[in-house]
There are 2 protein chains.
Amino acid sequence: MEPIYIRIFKDIEAKILSGDWRPGDRIPREHDLVNDYGCSRMTVSKALTALVERGLVVRKRKTGSFVAAPQINRTVMDIQDIGTAATLAGYEHRHEILTRKIETLGPVEAAQLNSIAGVEILRIHCLHIVDGKPTAVERRIILLDTVPLARTESFVGAPPAKWLLSQVPWSKAKHVIRAVSADAATARILKIDRGDPCLNLIRQTWQNDRMVTYVEITHPGDRFQFAGIFHPTESALRQ
Amino acid sequence: MEPIYIRIFKDIEAKILSGDWRPGDRIPREHDLVNDYGCSRMTVSKALTALVERGLVVRKRKTGSFVAAPQINRTVMDIQDIGTAATLAGYEHRHEILTRKIETLGPVEAAQLNSIAGVEILRIHCLHIVDGKPTAVERRIILLDTVPLARTESFVGAPPAKWLLSQVPWSKAKHVIRAVSADAATARILKIDRGDPCLNLIRQTWQNDRMVTYVEITHPGDRFQFAGIFHPTESALRQ
DNA sequence: TAGTGGTCTAGACCACGGG
DNA sequence: CCGTGGTCTAGACCACTAT
């Protein structure tokens, strides 16, 4: 037996998606839905809350609930560490640490990262090999102040992304995706030609406003892509 | 006065983010939290539901609730139509329709799109100019069966993305982001060199399993990027 | 001021799943 | 079996805001 609040959710969602109720239209008051479905107001409220999360409805005190204005195109992308993605796709994955050194953060980089010059960092360069082919260069900075255990970690057993995930829960992440030309160093490492298009992912992670890590991952354009599917119903109801 | 369920949410979130409670650790039973906070079980449940959505907690019947395993790096990216993005960034935006013709979908393309050959489509090519510079080529297919009004729409007033959003609520979207080399046609339109790196976004949209549109948008690599910030607390609590 | 949603209670029964 | 979470009730008071 399907829960009542899911039935309410689906009914209203269908009305909106079919165009039967248009943006700006008023949705029945909670009290009316209580009567229609013969349930309590909490149950109606749970359905409406899910519809708000789904982005289909806006609720306003005193005035009522309405079909939301058409939304921007928002998508959820899983931006995984390369090893996990490769394993899921059924490929073998390994990594090589190219550089590993402890430095202090210079003023220029500190400004870029919105951090403080002079703090100790671990700088790591790492090559990822998937299915026998070089698939990504990872250039990473880890703030030793936030992650002291990184000082003695070799990253041979698990690549930095995976190791960090197991060490530090993160509370905020920022991503940028760009297309760039391979510079000479990158081309040499990835065994591609200089100037070839590359997909460039930058990720900066914080734990409670303390920066954890900054990483720039460069993929050959012909060997990698990001994909995201947005199934709004599922995400709103966790089904 | 902050709602109780938000206080509970924040307290547990802090325990997890600080590392005080580690992945796999058991969270107090709902009954215990009811005692701790002197509130009803529904209130506790609301907080825990939000923590599940946030990805910090998993709940299991009979066994209890636990700190979730470290999550993959999931981010929410706003993939907006170019006009909206440009306006938000404070730039002037205009578009030119390069091609607009009604066709039937060929078998090869139909297979690519997981659609049916022979259906009527509207094919549109469109150039986006932001801040006076060509910033994107848009190559789009609209299924006239799903969106019959497109047959007579000129797309002069509003670019296709914006017009579609106002016409058709979508229920599923799939995105792919790649880096590619500019081919000759694209390079000419965008006034860049052939082979220059380009950021390529593919979006396919459905309304209740009926395909609405397929679009491929190509940006010069040096004039566009995607950015996403994930503030999990805000998204889970809608604050 | 009055109508609407926002939150909350103090219970209840049920479904699931480990022992 | 029985402890846990999943859902639900029939109310209640409060906060906000359009009028």
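All values below were derived from every heavy atom in this structure, side-chain atoms included, with hydrogens, water molecules and symmetry-related copies excluded. Numbered from 1 within each chain, the chains take letters A, B, ... in sequence-line order.
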- Please work out whether the ring planes of Phe226(A) and His219(A) are parallel, tilted or perpendicular, with thresholds of 30° and 60°. perpendicular
- Quick one: is dT4(D) close enough that its OP1 or OP2 comes under 4.0 Å of any side-chain N or O from Arg29(B)? yes
- Just how far, in rounded Å, is C1' of dT7(C) from CZ of Arg7(B)? 14 Å
- Expressed in angstrom and rounded to an integer, what is the separation of Ile8(B) atom CD1 from dC8(C) atom C1'? 11 Å
- Task: Determine the sole option in Val67(A), Thr49(A), Ile16(A) for which the side chain to side chain contact (heavy atoms under 4.5 Å, CB included) test with Val57(A) is passed.
- Result: Ile16(A)
What side-chain donor-acceptor pairs closer than 3.5 Å can you find for residues 153-162 of chain B, not counting sequence neighbours?
| from | atom 1 | to | atom 2 | distance (Å) |
| --- | --- | --- | --- | --- |
| Glu153(B) | OE1 | Trp163(B) | NE1 | 3.0 |
| Glu153(B) | OE2 | Phe155(B) | N | 3.1 |
| Ser154(B) | OG | Val156(B) | N | 3.3 |

- By salt bridge (Lys or Arg N to Asp or Glu O under 4.0 Å), Arg29(B) pairs with (sequence neighbours left out) Asp32(B)
- With a 4.0 Å cut-off on heavy atoms, is Leu48(A) in touch with a base, just the backbone sugar-phosphate, or nothing at all? nothing
- Task: Describe, as an angle rounded to 10 degrees, how the axis at the first end of the helix from dT1(C)-dA18(D) to dG18(C)-dC1(D) is tilted relative to the axis at the last end, five pairs per end.
- Result: 10°
- What's the CG-C1' distance between Leu51(A) and dG5(C), to the nearest Å? 15 Å
- List in chain and number order the residues that pass salt bridge (Lys or Arg N to Asp or Glu O under 4.0 Å) with Arg94(B), two or more places apart in sequence or in another chain; answer none if no residue qualifies. Glu92(B), Glu96(B)
- Arg59(B) CZ to dC16(C) P: how many Å, rounded? 16 Å
- Item | side-chain hydrogen bond (donor to acceptor under 3.5 Å, both in side chains) against Glu120(B), all qualifying residues, sequence neighbours excluded | Arg151(B)
- Item | Sequence-distant partners of Arg223(A), side-chain hydrogen bond (donor to acceptor under 3.5 Å, both in side chains), two or more places apart | none
- Task: Sugar-phosphate means primed atoms, P, OP1 and OP2; the rest is base. With that split, encode nucleotides 11-19 of chain D 5' to 3' as B, S or - using protein heavy atoms under 4.0 Å.
- Result: -B--BBBB-
- Message: Which residues pass the side-chain hydrogen bond (donor to acceptor under 3.5 Å, both in side chains) test with His128(A), not counting sequence neighbours?
- Response: His93(A), Glu138(A)
- With sequence neighbours left out, write down each residue that passes salt bridge (Lys or Arg N to Asp or Glu O under 4.0 Å) with Asp25(A), or none if nothing qualifies. none
- Item | dT7(D) phosphate, OP1 or OP2, under 4.0 Å from Thr43(A) side-chain N/O | no
- Message: Asp36(B): which residues meet the salt bridge (Lys or Arg N to Asp or Glu O under 4.0 Å) condition with it, sequence neighbours left out?
- Response: none
- Task: Check DNA chain D against residues 30-40 of chain A and give the residues with a non-hydrogen atom under 4.0 Å, in numerical order.
- Result: Gly38(A), Cys39(A), Ser40(A)
- Kindly say if Tyr5(A) contacts the phosphate of dT7(D), meaning a side-chain N or O under 4.0 Å from OP1 or OP2. yes
- Task: Round to the nearest Å and state the distance from Ile27(A) atom CD1 to dG3(C) atom P.
- Result: 21 Å
- What residue pairs, at least two apart or across chains, pass salt bridge (charged side-chain N to carboxylate O under 4.0 Å, His left out) with a residue in residues 55-67 of chain A? Glu30(A)-Arg59(A)
